[in-house]
Amino acid sequence: MKVGIDALGVAVPSLCLDLEALAKARGVDPKKYLDGIGTWRMGVAPLDEDTVTLAARAASMAMKSGEASGDDIGLLVVGTETAVDHSKPVSSYVQGLLGIGQRCRVFETKHACYGGTAALMMALDWLRSGSARGRKALVVCSDIARYGLNTPGEPTQGAGAVALLVSEAPRLLELDPALTGQHATDVHDFWRPLYSKDAFVDGPYSVQCYLDAITGAYRHFREQAPWVTADDFAALAYHVPYGKMARKAHRQLRALDGDLNPDASFDAQVAASLALPAQVGNVYTGSLYLALASLLATSSRDLDGQRVGLFSYGSGSCAEFFAGSVVPGAQARVKALELQALLDAREVLTIEAYEALMAAREATDLKPLERARGDAFHFLGVEAHKRTYAGPSA
Ligand code: HMG
């Protein structure tokens, strides 16, 4: 049975920050952020956008692109590490906002940035088990990445969501769930205690944990498919907390195959997957899938029928290396989503407005909002301890 990604949708917040301006405000050489980190813009969510509204927008785009109705969905999972409630899942809000039917499994998954991949793997197994009975799965990865002002992690923030419609007739990427490599280990590289909105991170250690994880996951993958080398992939998409990390990952992966000049393959195999992430920043669970969307949307090469390798990493940690084949026509389908136009439509914040927004976000959990708009899913505020949202037509 063929299984894989049939359609995708992307949502970014309506605001963003130029990292050159942030570098200047922090007294840092802008080249450190633009070249050393490899990101030039990061998404910033206004007060009426959150993990739910981003998830709903991405899911709505994926369903429209995949011509799926609410009743076609038999499994709706949101992978997130920045949920809005300790108990009620983001997926239930998405179900309500999108009118997805009641005969559906609806829940949320968490494992740092790996939570979306956990949901995708589960969706593929659900299809292959026969439980789907012709229905599709909607896997949504949605997050707002926050480290706080004046921290080393500040230029690696971001926000966004990627939704994947997963089916037995994939029109984007056919995946092989039986051939994957995993690597899991109990580490404290990055975490966010229940009492904190900002993540805590041991930056250099987290980079090392990521590299150890790609080593373990790729070796595990290769044990099952010893005939495959990195050269067999037309493209490789990595988890992208920031662009430079993907470059480090690529060097590590190619070195495992004995490649003494791993940078030589970077432009051909990786660069296109970083075009959109470099303008959005870290979107945690959606990061790998934004890289995949970027590859399909921006690569100038014909990828029809070509193999793509994917690496997902979630701190804490769990990682997976897996692979898929690009379905003919996939690039045209993703290009039609006009993702670059979505990014270009964002308002660029001043440093003062960004800092004020970060401070105001501390209080928004209980504060009703002044602004109500009719153009997109948005957060209205909290009434009787219940978060309320409105859809585009409200
Ligand atoms: P830092 O200490 O500010 O930066 O933190 P640095 O000193 O390591 O410099 C960064 C790079 O800029 C270096 O390049 C410098 O050489 C270069 P590298 O040596 O690494 O190739 N640089 C310059 N380049 C050009 N011109 C200059 C210049 N100056 C310096 N003038 C760090 C960087 C990433 C650690 C920090 O931002 C951080 O802690 N970020 C958050 C953690 C993170 O993203 N970790 C990634 C791996 S863990 C992961 O991916 C999981 C995660 O997504 C969470 C989840 O799973 O949920 C985070």
Side-chain angles (χ1 to χ4, degrees), residues 19-20 22-24 26-40 42-43 51 79-83 109-119 141-162 183-193 196-217 237-252 262-263 266 274 277-278 280-291 310-321:
L19 288 197
E20 184 170 358
L22 181 66
K24 285 179 182 155
R26 300 291 178 253
V28 170
D29 179 354
K31 282 196 177 137
K32 175 173 177 183
Y33 291 176
L34 304 182
D35 302 334
I37 295 287
T39 307
W40 59 278
M42 63 187 194
T51 302
T80 183
E81 56 177 295
T82 50
T109 51
K110 182 186 76 176
H111 184 138
C113 297
Y114 177 76
T117 301
C141 311
S142 183
D143 275 301
I144 296 178
R146 264 191 66 158
Y147 293 95
L149 304 180
N150 289 298
T151 62
E154 187 178 22
T156 64
Q157 298 178 111
V162 182
H183 181 88
T185 171
D186 178 7
V187 287
H188 254 103
D189 60 332
F190 164 103
W191 65 104
R192 190 168 65 85
S196 178
K197 284 201 177 151
D198 295 342
F200 290 82
V201 62
D202 182 341
Y205 181 53
S206 74
V207 172
Q208 192 52 52
C209 288
Y210 179 124
L211 294 176
D212 291 346
I214 196 167
T215 304
Y238 300 98
H239 169 58
V240 191
Y242 54 95
K244 177 63 86 60
M245 189 70 236
R247 185 178 278 278
K248 289 177 196 280
H250 187 65
R251 285 178 184 151
Q252 182 77 3
D263 280 345
F266 184 83
L274 302 182
V280 179
N282 195 353
V283 294
Y284 288 163
T285 48
S287 171
L288 167 64
Y289 304 101
L290 184 62
L310 300 113
F311 176 67
S312 176
Y313 176 72
S315 285
S317 69
C318 189
E320 189 139 358
F321 186 90

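Counting starts at 1 for both ligands and their atoms, in listed order.
The nearest heavy-atom contact from the protein to atom 57 (O) of ligand 1 is Glu81 OE2, 2.4 Å. Shortest contact from atom 51 (C) of ligand 1 to any protein heavy atom: Ser315 OG, 3.2 Å. Among protein heavy atoms, atom 21 (O) of ligand 1 sits closest to Lys244 NZ, 2.7 Å. Closest protein heavy atom to atom 38 (C) of ligand 1: Gly153 CA, 3.9 Å. The nearest protein atom to atom 3 (O) of ligand 1, hydrogens excluded, is given as Lys32 NZ, 2.8 Å; this is a heavy-atom distance. Ranking the protein heavy atoms by distance from atom 36 (C) of ligand 1 puts Pro152 O, 3.4 Å first. For atom 53 (O) of ligand 1, the closest non-hydrogen atom of the protein is His239 NE2, 2.8 Å. Among protein heavy atoms, atom 45 (N) of ligand 1 sits closest to Ser206 OG, 2.8 Å.
Near Phe190, meaning under 4.0 Å from any of its heavy atoms, are these atoms of ligand 1: 54 (C), 55 (C), 57 (O), 58 (C). Those atoms of ligand 1 with a heavy atom of Ala112 less than 4.0 angstrom away are 55 (C), 56 (O), 57 (O). Under a 4.0 Å criterion applied to the non-hydrogen atoms of Gly203, ligand 1 contributes the atoms 35 (C), 39 (O). Taking every non-hydrogen atom of Val201 and a distance limit under 4.0 Å, the qualifying atoms of ligand 1 come out as 39 (O), 42 (C). Close contacts between ligand 1 and Lys31 involve ligand atoms 24 (N), 25 (C), 26 (N) [criterion: under 4.0 Å to a heavy atom]. Close approach to Asp29 involves these atoms of ligand 1, each under 4.0 Å from a residue heavy atom: 31 (N). Distances below 4.0 Å separate heavy atoms of Gly314 from the following atoms of ligand 1: 56 (O).
Looking at Met245 and Lys248, their side chains come closer than 4.5 Å, going by heavy atoms from C-beta outward. When side chains are defined from C-beta on, Val240 counts as touching Leu274, because their heavy atoms get closer than 4.5 Å. Using a 4.5 Å cut-off on side-chain heavy atoms (C-beta onward), Glu20 and Lys24 make contact. No side-chain heavy atom of Asp202 sits less than 4.5 Å from a side-chain heavy atom of His188. Taking the side chain as every heavy atom from C-beta outward, Arg146 and Asp198 approach each other to under 4.5 Å. Side-chain contact between Tyr205 and Val187 is present, with heavy atoms from C-beta onward closer than 4.5 Å. The shortest side-chain heavy-atom distance between Arg192 and Glu81 does not fall under the 4.5 Å cut-off.
Protein non-hydrogen atoms do not reach within 4.0 Å of atom 8 (O) of ligand 1. The nearest protein heavy atom to atom 32 (C) of ligand 1 is not closer than 4.0 Å. Within a 4.0 Å radius of atom 16 (O) of ligand 1, the protein contributes no heavy atom. Shown here, atom 41 (C) of ligand 1 is in close reach of the protein: a heavy atom of it lies under 4.0 Å off.
At under 3.5 Å, not a single nitrogen or oxygen of Tyr210, backbone or side chain, sits near a nitrogen or oxygen of ligand 1. Polar contact with ligand 1: present for Asn282 (N/O pair, distance under 3.5 Å). Annotation: Asp189 places no N or O atom under 3.5 Å from an N or O atom of ligand 1; distance criterion only. Residue Met245 places no N or O, backbone or side chain, under 3.5 Å from any N or O of ligand 1. At a 3.5 angstrom cut-off on N or O pairs, Tyr242 does not count as close to ligand 1.
Taking a 4.0 Å cut-off on heavy atoms, Lys248 registers as neighbouring ligand 1. The closest approach between Tyr147 and ligand 1 falls below 4.0 Å for a heavy atom of the residue.
The backbone N or O of Gly281 lies less than 3.5 Å from no partner atom in the side chain of Gln157, so there is not a single donor-acceptor pair. With hydrogens and angles ignored, the 3.5 Å screen pairs no side-chain donor or acceptor of Asp143 with any backbone N or O of Ala145. No side-chain donor-acceptor contact under 3.5 Å links Thr185 to the backbone of Ser317.
Considering Val283, Val280, Leu19 in turn, Leu19 is the only one that fulfils the side chain to side chain contact (heavy atoms under 4.5 Å, CB included) rule with Met42. Exactly one of Phe200, Tyr210, Tyr313 qualifies for a side chain to side chain contact (heavy atoms under 4.5 Å, CB included) with Asp189. That residue is Tyr313.
Under the 30°/60° scheme for interplanar angles, the aromatic rings of His111 and Tyr114 are found to stand perpendicular.
Here Tyr284 and Phe190 bring their ring centres to under 6.0 angstrom of each other.
Asp212 and Gln208 are linked by a side-chain donor-acceptor pair at a separation below 3.5 angstrom, with hydrogens and angles left out of the test. Of the N and O atoms on the side chains of Thr156 and Asn282, not one donor lies less than 3.5 Å from an acceptor on the other residue.
Nearest residue to atom 55 (C) of ligand 1 from Ala199, Ser312, Cys113 is Cys113 (criterion: closest heavy atom).
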